[in-house]
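Numbered from 1 within each chain, the chains take letters A, B, ... in sequence-line order.
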There are 2 protein chains.
Amino acid sequence: MVEKLKVEEGVETSAPLFTDEIEVRTLADLARLAGVSAGTVSRALAGKSLVNVETRERIQALARKHGFRPNQMASKLRSRRTGVIGVVIPLGHDRRQHISDPFFLTLLGALADHLTESGYDLMLSRAIPDETSDWLERMTGSGMTDGVIVIGQSDQFEVIEKVAAQYRPMVVWGHHRPGQTHCVVGTDNFLGGKLATERLIRTGARRLAFLGATGGIEIAKRFEGTVAAAKTAGLTVTHLPVHMADEQVGHEVAAALGNGSGTDFDGIVAGSDLIAMSALRVLYENGQRIPEEVQVIGFDDLPIAAQTFPPLSTVRQEIQDGARIMVEKLKARIAGQSTESAVMPPSLVLRASTR
Amino acid sequence: MVEKLKVEEGVETSAPLFTDEIEVRTLADLARLAGVSAGTVSRALAGKSLVNVETRERIQALARKHGFRPNQMASKLRSRRTGVIGVVIPLGHDRRQHISDPFFLTLLGALADHLTESGYDLMLSRAIPDETSDWLERMTGSGMTDGVIVIGQSDQFEVIEKVAAQYRPMVVWGHHRPGQTHCVVGTDNFLGGKLATERLIRTGARRLAFLGATGGIEIAKRFEGTVAAAKTAGLTVTHLPVHMADEQVGHEVAAALGNGSGTDFDGIVAGSDLIAMSALRVLYENGQRIPEEVQVIGFDDLPIAAQTFPPLSTVRQEIQDGARIMVEKLKARIAGQSTESAVMPPSLVLRASTR
DNA sequence: ATGAAAGCGCTAACAA
DNA sequence: TTGTTAGCGCTTTCAT
């Protein structure tokens, strides 16, 4: 519990500066003031061309003077266009995972940037799928948004499929299955895991471990890619399921890596950069040299990956491009066009945690 | 540019499953179906007590069957309650700073969690203050939100003050000035900088540097705290202005720390954990031992701080508590109560980057 | 170029 | 307990 330091507030003036100033809260108020009709004010404020340029400027000046801006709820109800995109993060497979997952947060930030640039507001909703499985329909069916972006499929693939059959303006970040209905943008996770593992093997790793829980489909695919690459090379992979959700990552990783009990592995594929960072530190504290004795490779290429010591080699997901593509596709879908899914190839970013 | 792998979509069924199924999009539609009035349906769906339990359940079942949910825009317009909190991040002093700043993102995640738990949706808006300085009023004056949370004051202190004089349901994360109008929640940044620096001095540091640009008021205060502590000890502080905004942090830090040109400093106070992380790595690459030759202390205590190598000593800001307090205060303000600002004391988290 | 009038879909006060 | 009625504040035909 945090102690709060209490602080005196300054005096707050709730009374208007001029007592004779009429409050102008509606178009009608402003219309009366300007001596025109509400319709004209509406057109003027919207910058419509069919209104006299002089009256328009007079009205706009008046609106500015009184700090008036039209009520968006009314506007949206009437025009049947909200200018809002819903962003939903389903937290199905791991309830402990909060919205604070750094990868989601980074993608969210990128989405916010792109949506803002396209003139949309962003409504964020942390959905906790329960038995009713209406977490998605709450967003799509409420008339609150023009479109919806889902970040991560969690274990809700089927729910998303069902909604997608009736609701078009939706784009999902995640994994792609051939023939699926919903439009998805994502990284080829299998390929990512494979590339990472092939690289480790090529540089001499033989005792491989995959670090990360496979509850969500994306990390599961990364693991599959790792296993596939190992198999090709006649090797096996030890799976150490570590939950990236909470702040215990460090301890979990320490436990998984045997708490200093010798050099069990010489090649570690981590399910995410965050897990990789923990591994880096734990290995260091165990006195193992990276990358000489153990190589570590992450997944995501979050900005922090370049700032670890040693700088983390990792499988890069194109977060910025991904966000841009999602917004583009969503806009197309809102406009009634149909769009194809996009699976983006991951790329290896080699820094100093691998040979 | 990323290559997109094109993928075939599955067939999409846009026709309803039963062609004789009537579309039910409004309360009135459902009312007709149920043989009651729209008012009753409204009450039933809202779970109001004054409606017959049997009719209520019949109506709810009917609504579920037809996948009907009331239009939120209409509901909100009528009830004059939106259930939405606007979250604004002003990017005044550093345009390059995107919403992807990890501290903001972490606070945002915490806010999302707390707001969701309180039944609010969260509308995110990245504001780029320009000459008109109406970025805030766009949120407060549009009738789109029940309240507004501003994350960071940037260089817009006065703008926020002006709005706060007329708009009550607003809480701001940032710095507190005695007598200010707007309700702020934040950390005592001066004290934080002071604590960090005193600690370094107590453990032997004499050649001090502060790493971070002081464009925003918060980091400026941290710097002041550092200078004050140094002054008390008869020392001076070298200011190395590094921008934490972009991905060049590493290079900037390397340049600031002299690119290996010897041990200029033995105590580094960083403006944020991210900057500290870069410093850690740069110093390591320059062959300096931490904390033996040079001590480093960060600011924020983001989750990653525990995962660096060596684990980062830092000045902790209570992000979770801060978010919770902001939401509490905002709810109180929405309910018409007035609230005091809260300045939270920072605390030193000592890990291994200091002695 | 502007005004009048009809809703957008819902909620809530008032009746019954 | 339910129906009726009157809007919430705006946009948009349709007239003029």
How many Å lie between [atom1] on [X] and [atom2] on [N], as a whole number?
X: B:Met73; N: C:dC8; atom1: CE; atom2: C1'; result: 12 Å
X: B:Ile59; N: D:dT2; atom1: CD1; atom2: C1'; result: 10 Å
X: A:Gln72; N: D:dT11; atom1: CD; atom2: C1'; result: 13 Å
X: A:Arg32; N: D:dG9; atom1: CZ; atom2: C1'; result: 13 Å
X: A:Glu57; N: C:dA1; atom1: CD; atom2: P; result: 14 Å
X: B:Arg43; N: D:dT2; atom1: CZ; atom2: C1'; result: 6 Å
X: A:Arg25; N: D:dG7; atom1: CZ; atom2: C1'; result: 13 Å
X: A:Lys76; N: D:dC10; atom1: NZ; atom2: P; result: 13 Å

- Query: Between the side chains of B:Thr339 and B:Arg333, does any donor sit under 3.5 Å from an acceptor?
  - Reply: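 The answer is yes; a qualifying pair exists.
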- Item | Residue B:Asn71, side-chain heavy atoms: nucleotide from C:dG3, D:dC10, C:dC10 that is nearest | C:dC10
- Ignoring the backbone of B:Arg80, work out which of C:dC10, D:dT2, D:dC8 is nearest its side chain. D:dC8
Determine: side-chain N/O of [X] to OP1/OP2 of [N], distance under 4.0 Å, yes or no.
X: B:Ser37; N: D:dT2; answer: no
X: A:Ser75; N: D:dT11; answer: yes
X: B:Ser79; N: C:dA12; answer: no
X: A:Thr40; N: C:dA1; answer: no

- Using a heavy-atom cut-off of under 4.0 Å over every strand shown, decide if A:Ser42 touches base, sugar-phosphate, or nothing.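 Base contact.
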- Message: Using ring centroids (six-membered ring only for Trp), state whether A:His182 and A:Phe157 fall under 6.0 Å.
- Response: yes
- Under 3.5 Å, is there an N or O donor on one side and an acceptor on the other linking the side chain of B:Arg78 and the base of D:dG7? yes
- Message: Does atom CZ (B:Arg138) have a neighbourhood of more than 12 heavy atoms from anything else shown, all under 6.0 Å?
- Response: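 It does not: B:Arg138 CZ has 12 such atoms or fewer within range.
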- May I ask you to say whether B:Arg64 pairs ionically with A:Asp134, meaning some side-chain N is under 4.0 Å from a carboxylate O?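 Looking at B:Arg64 and A:Asp134, the cut-off is not met.
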- Answer yes when A:Arg324 and A:Glu328 have at least one side-chain N-carboxylate O distance shorter than 4.0 Å, and no when they do not. yes
- Message: Which is more 5' along DNA chain D, the nucleotide nearest B:Val51 or the one nearest B:Ala74? Just name the residue.
- Response: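 Final value for this comparison: B:Val51.
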